[in-house]
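Below: one structure, written as C-alpha cells.
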Amino acid sequence: MVLTVRPCSADNIRLAAAEVAAGQLVAFPTETVYGLGADARNGVAVAKIFAAKGRPQFNPVIVHASCTEDLEDDVMFDERARMIAAAFWPGPLTLILKRKPSSTLSDLVSAGLPTVAVRVPDHPAARDLIRLSGTLIAAPSANKSGSISPTAPHHVIESLGDHVHSILAAGACRVGLESTVLDLSGEQAVILRAGAVTAEDIAMATGIAVSYELHPVNDTPKSPGQLLRHYAPSIPVRLKAVDVAPNEALLAFGSLKFMGVRGGGFAKDLPAERMMNLSAEGDLFIAAANLFSYLRILEKSGAAGIAVMDIPDTGIGIAINERLSRAAKSAV
Ligand code: TXA
Ligand code: MG
C-alpha cells in the first residue's frame, strides 16, 4: 500500500474523512496518542484494524465521537455518565457504557462484550475528521499490538507504514499516554487503565467515588487489554533504579545528582544516546508526554537494558508507573 502523509489542513482533513467513509484506515492525532481509525459502523473496515495491528480479535476498540450527542444512539448514558462526560469531554477519558440493542456499530468494536468504550478526543483535527466522516471512528492506538503507542507521526510510519492508507500528521501528542479507561457499566465506577484523568480528578469534579482495578482480579479481566503483553520495549526494563549498570541506558526523572554508574562514574556523564531525562525539573506532565518516545530512543541505543529512576506515584505518575511496570514485566 502506498502511504500518504498529510499535514492537518482543512482540505487534508476532508480528504482523510472521505477515506474513512470509504472504509479505509486513516491514522490521526489525538491529545493522547495517534489513533488508527476506521468507520465504526463498517465491520469490514474495523476488521482491517485488527489485521493491521496483529491484534487478537477479542480485544475491543474505543469508539470516538466529535461530541457526546453523537453517541446517544449507540450507548446508554445514565446520570453518572452524563455528569462525567460533561466534566471531562472533550478529553483523555474513555467511558465504558452499556451498548444499546439498537446500536448499528460493528460488533467487532465490542468484541462480544455488552459494552462499548467511547470517548470525545480533545484535538480539533480529530474532532473535525470524525464530524466530516459522517460516522463514528473506531480507533486503537496506531501501533502493532504489544508495542509502544505512537506519540508522533514517524512512530506510526515505523510501526504500521505498510498497513495504513494515510496519516494526518500534527506533531507530538500533548498528553503522550493513552486515555484513562473508566468502566461505568456496573454499580461501582472503576478505572481499568490509568491516564491523565485520575480518580481524584473525577471525585473532585463530580463527587462520584471511583476506584482503581488496574490489574485483572481473576482470569476474566473486565478490560481485555489488561491481559495482553503491552507497552513493551524489546530490551529489559528495570524500575526504581538507584544506579546504572555499565551496559544499561538510563531513563531519568528529576535531578541526576545522586545517580552513579556501577563500578565508577556519574550518570550525568553517560553518552547522550544512553541517557534521556523525562523531566529534569521533575514535572510529571512533561514526563508523561516524553515517556513513549524516550523509551523508543533508548531501545535503539544499543544498551542491553533500560534502568528507570523512581517516579512518584501521584496524579499522572500513576499512569506512567502502570505503563512502566507492564514494560518491566513483559520485556524479553
Ligand atoms: O488514548 C486512547 O485511548 C487511544 C486514542 C487513539 O484514543 N486509544 C487507545 O486504544 O489506546 P486501545 O485500543 O489501544 O486501548 C483501548 C483499551 C484496551 O485496553 C481495551 O481492552 C479497552 O480499552 N477496552 C475497549 N473496549 C472495552 C470494553 N467494551 N470493555 C472493557 N475494556 C475495553
Ligand atoms: Mg493500544
Side-chain angles (χ1 to χ4, degrees), residues 25-38 40 46 49-50 52-65 74-76 88-99 103 105-123 125-127 129-130 136-151 155-156 159-160 167-168 170 173-186 190-197 213-216 220-232 288 292 319 322-323 326:
L25 294 187
V26 172
F28 64 99
T30 80
E31 79 281 30
T32 59
V33 300
Y34 276 75
L36 178 63
V46 178
I49 294 178
F50 292 102
K53 284 185 65 91
R55 166 179 270 201
Q57 211 75 355
F58 55 75
N59 200 11
V61 293
I62 298 171
V63 172
H64 297 70
D74 295 289
V75 288
M76 286 185 249
F88 292 98
W89 282 353
L93 176 66
T94 293
L95 301 182
I96 297 181
L97 300 175
K98 289 194 185 108
R99 184 183 173 116
S103 167
L105 292 171
S106 154
D107 285 333
L108 280 178
V109 301
S110 300
L113 298 168
T115 52
V116 185
V118 292
R119 118 175 162 93
V120 178
D122 186 18
H123 195 297
R127 287 202 306 280
L129 174 72
I130 301 163
L136 300 177
I137 297 189
S141 51
N143 54 285
K144 285 276 180 198
S145 195
S147 65
I148 299 170
S149 289
T151 53
H155 298 155
V156 181
S159 191
L160 290 177
I167 301 178
L168 274 177
C173 300
R174 175 171 62 80
V175 176
L177 287 181
E178 304 87 344
S179 60
T180 303
V181 174
L182 177 67
D183 186 356
L184 292 179
S185 66
V190 187
I191 290 180
L192 302 178
R193 181 174 74 183
V197 175
E213 206 176 285
L214 301 182
H215 307 285
T220 49
K222 289 190 192 141
S223 186
Q226 291 179 324
L227 270 192
L228 298 183
R229 183 174 180 274
H230 231 150
Y231 313 114
F292 289 148
E322 187 210 6
R323 304 309 189 275
R326 281 164 176 259

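What you are looking at is a predicted structure, and each value in this text was computed from that prediction instead of being measured. Along the sequence shown, residues carry numbers from 1. Read the numbers this way: they start at 1 and go in the same order the structure lists the ligands and their atoms.
Scanning P29, P60, A27 for the heavy atom closest to atom 27 (C) of ligand 1 points to P60. The residue among T115, T32, L93, N59 with a heavy atom at the shortest distance from atom 20 (C) of ligand 1 is N59.
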Worksheet item: Under the side-chain hydrogen bond (donor to acceptor under 3.5 Å, both in side chains) criterion, do R193 and S179 qualify, and how do the steps go?
Response: CA-CA 8 Å; R193 181 174 74 183; S179 60; 3.2 Å; yes
Item to complete: Test salt bridge (charged side-chain N to carboxylate O under 4.0 Å, His left out) on E31 and R127 and set out the steps.
Response: CA-CA 11 Å; E31 79 281 30; R127 287 202 306 280; over 6 Å; no
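Near A117, the atoms of ligand 1 lying under 4.0 angstrom from a non-hydrogen atom of the residue are 25 (C), 26 (N), 27 (C), 29 (N). Shown in contact with S179 at under 4.0 Å from a heavy atom are these atoms of ligand 1, numbered in order with element: 1 (O), 2 (C), 3 (O). Residue H64 approaches ligand 1 through these ligand atoms, each under 4.0 Å from one of its heavy atoms: 5 (C), 6 (C), 7 (O). Those atoms of ligand 1 with a heavy atom of L113 less than 4.0 angstrom away are 28 (C), 29 (N), 30 (N). Distances below 4.0 Å separate heavy atoms of I62 from the following atoms of ligand 1: 3 (O), 8 (N), 9 (C), 10 (O), 16 (C). Each of the following atoms of ligand 1 lies closer than 4.0 Å to a heavy atom of S141: 8 (N), 9 (C), 10 (O), 12 (P), 14 (O).
Side chain of S159 to main chain of K144: a donor-acceptor pair is present (N/O by atom type, distance under 3.5 Å, no hydrogens or angles).
Inter-residue side-chain proximity for F292 and N143 is flagged as unmet; no heavy-atom pair is nearer than 4.5 Å. A heavy-atom distance below 4.5 Å is found between the side chains of L136 and L105. With a 4.5 Å cut-off on side-chain heavy atoms, R119 and P90 do not count as touching.
For S141, the nearest N, O or S atom to the Mg ion (ligand 2) falls under 2.8 Å.
For ligand 1, none of its N or O atoms has an N or O atom of S110 under 3.5 Å away.
Looking only at atom types and distance, the side chain of D74 has a donor-acceptor partner in the side chain of S103 under 3.5 Å away.
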